[in-house]
*Asks:* 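One structure coming up, written as structure tokens, with questions to follow.
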Amino acid sequence: MNDTTKSEQDRVLIFDTTLRDGEQSPGATMSLSEKIEIAMLLDEMGVDVIEAGFPIASEGDFQAVSEIARLVKNASVCGLARSSAKDIDRAAEALKAAANPRIHTFISTSPLHMKYKLQMEPEAVLEAVHDSVSRARNYTDNVQWSPEDGTRTEHDFLCRAVETAIKAGATTINIPDTVGYTAPNESADIIRMLRERVPGIDEVIISTHCHNDLGMAVANALAAVEAGARQIECTINGLGERAGNAALEEVVMAMRVRNDILPYQTGIDTTKIMQASRLVSTATGFPVQYNKAIVGKNAFAHESGIHQDGMLKHSGTYEIMRPEDIGLSETNLVLGKHSGRAALRAKLEELGYPLSDNQLKDVFVRFKELADRKKEVFDEDLLALMSDSATSAAHDHLQVKFLRVICGTEAPQSADLTLSIDGKDHQVTAQGDGPVDATFNAVKALYPHEARLQLYQVHAVTEGTDAQATVSVRMEEGGHIVTGQASDTDTVVASARAYVNALNKLRVRSTKSAPDAATA
Ligand code: KIV
Ligand code: ZN
């Protein structure tokens, strides 16, 4: 075997579904501009396929897939479709401008799903597989097919379904562990079984799509690769339905760090991982768990004396990868109110935010305001500042203009609030059980709405009593869930802005049609 053939055999394609499966996480709705920004970064970091959305699900999804298809230059852009002709035509329409469009069509194949969800006989499902893949092939020769709930599908039927898809022209066969039920041995056995039994399987790419309900998504995906899968479907920060999908950063770094026992290559520039993680966290309002592998705040922190001592002697004692491999740089530069534009620009660039002169002008004003209130501005403060800039825009429908609260041991607490609604200022004073409650009541008095607060969460960005607080709120209205986020050294101001951020998102959210059937 020559080297080229070997490296081709060892190449694992990275299929990112942050914008599709990831966005299906309740509350993870992203705006069009956020999706475009994420897609461009995924393309830059070398993702092979970007699943940009589910075009039939909503106008918003259609628009996102169309725009991303138009803008992305290197990756294949993919749109999801159920097996119906309408879904496939809509996906093809959204992908029209893509250089390398992929249609991903799926149908359930497990006994449980066929009987209760689809209410279809197995033979009718096979016919739908044939018809959907053939229809997709009329639009592109890059067609992916998935048997939903694949890992709970009877093997004989799975083989027949996969064979049908291949005969109809599928070029990638993706095996989803839809409910996160499988385990590494079984995940590998299914891939091996398909490779042994299905005619034509060697002509297609086998893919794996693992959910994390039992915390085994990454292990299951890697086991599938060891058994012959050559595409991993994954998401940044492991975002996705319920407990999420296999995390891109984990599968990629596992294959890189343990290349001795996982001898596979990807095309990912791993130094972009941290930037992608922050961007997705900001866009969705989903904070990254502190001890999350690879991208968690503590992933490279060493607290115990023994570990610190070892690290000082040789970083290899307790670090299996270097922070810079994922785009984290070791830096001692702390900014303050005397720091100038050049220092701010350099620091933001280091954190993954290269800014144009105009953007820098804007951010510099906000940085100075913050530095006036806080002696030292740490990396985390700047990240919160950038996240705030990304989530609040000058053209937002609702904006907090002024807030003063009276609080303390004597009730009632009250909030005096000026809110700009569509460019016009409105003022009210409201009372509540504590300053945050009073503030939210004031917002409600000025902007009556039916949205219900599901979650209110505060965390300190850094240490010390002058630390900024990041507030996240999750709100639900008519079955739609959004997350709002804001940071400020004043927790009540951050709360007001986060609440208003969520209301702005609800206002512009993309309405999903047929939510029962249009989720995957
Ligand atoms: O989990 C799942 O089954 C899916 C498919 C659409 C691939 O997301
Ligand atoms: Zn999924």
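For ligands, and for the atoms within them, numbers begin at 1 and follow the listed sequence.
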*Asks:* Can you find a side-chain donor-acceptor pair between Asn142 and Thr140 that sits under 3.5 Å?
*Replies:*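 No, no side-chain donor-acceptor pair sits under 3.5 Å.
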
*Asks:* Counting each atom of ligand 1 from 1 as listed, which ones have a heavy atom of Pro176 under 4.0 Å away?
*Replies:*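 Checking each atom against Pro176, I get 2 (C), 3 (O), 7 (C).
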
*Asks:* What's the verdict on ring-ring contact (aromatic ring centres under 6.0 Å, His included) for Phe106 and His209, showing C-alpha distance, side-chain angles and the deciding distance?
*Replies:* CA-CA 12 Å; Phe106 71 99; His209 173 107; 9.7 Å; no

*Asks:* If we only consider heavy atoms of Arg20, is any one of them less than 4.0 Å away from an atom in ligand 1?
*Replies:*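 Yes, that is the case, since the closest heavy atom of the residue is under 4.0 Å from the ligand.
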
*Asks:* Under a 4.0 Å N-O cut-off, is there an ion pair linking Lys292 with Glu250?
*Replies:*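 Salt bridge between Lys292 and Glu250, a charged N being under 4.0 Å from a carboxylate O: yes.
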
*Asks:* Considering only heavy atoms of Glu148, which atoms of ligand 1 have at least one such atom less than 4.0 Å away?
*Replies:*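 Here the atoms of ligand 1 in question are 3 (O).
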
*Asks:* When you measure from the Zn ion (ligand 2) to the N, O or S atoms of Glu241, does any of those distances fall below 2.8 Å?
*Replies:*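 Within the cut-off used here (under 2.8 Å), Glu241 places no N, O or S atom near the Zn ion (ligand 2).
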
*Asks:* Quick one: report the N, O or S atom of Asp21 that is nearest to the Zn ion (ligand 2).
*Replies:*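 Atom name returned: OD2.
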
*Asks:* Return yes if a side-chain donor-acceptor contact under 3.5 Å exists between Gln457 and Gln485, otherwise no.
*Replies:*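 No, because no side-chain N or O of Gln457 sits under 3.5 Å from a partner of the opposite role on Gln485.
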
*Asks:* Which atoms of ligand 1 have any heavy atom of Thr178 under 4.0 Å away?
*Replies:*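 The atoms of ligand 1 under 4.0 Å from a heavy atom of Thr178 are 1 (O), 2 (C), 3 (O).
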
*Asks:* Just let me know how His211 lines up against ligand 1, side chain, backbone, both or neither, with a heavy-atom cut-off below 4.0 Å.
*Replies:*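 Side chain only.
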
*Asks:* Can you sort out which atoms of ligand 1 are near Asp21, meaning under 4.0 Å from one of its heavy atoms?
*Replies:*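 Once the distances to Asp21 are compared, the set is 8 (O).
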
*Asks:* Examine the side chains of Glu477 and His449 and answer whether a donor and an acceptor come within less than 3.5 Å of each other.
*Replies:*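 Result is no, nothing qualifies.
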
*Asks:* Using heavy atoms and a threshold below 4.0 Å, how should the contact between His104 and ligand 1 be classified: side chain, backbone, both, or neither?
*Replies:*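 Contact part for His104 vs ligand 1: side chain (C-beta onward).
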
*Asks:* Is it true that Asn237 and Ser277 share a donor-acceptor pair across their side chains at a distance under 3.5 Å?
*Replies:*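 Ser277 vs Asn237: donor-acceptor pair found between side chains.
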
*Asks:* Ion pair present between Glu51 and Arg102, side-chain N to carboxylate O less than 4.0 angstrom?
*Replies:*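 No.
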
*Asks:* Angle at the Zn ion (ligand 2) between NE2 of His211 and NE2 of His209, to 10°?
*Replies:*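 Taking the Zn ion (ligand 2) as the apex, the two atoms subtend 90°.
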
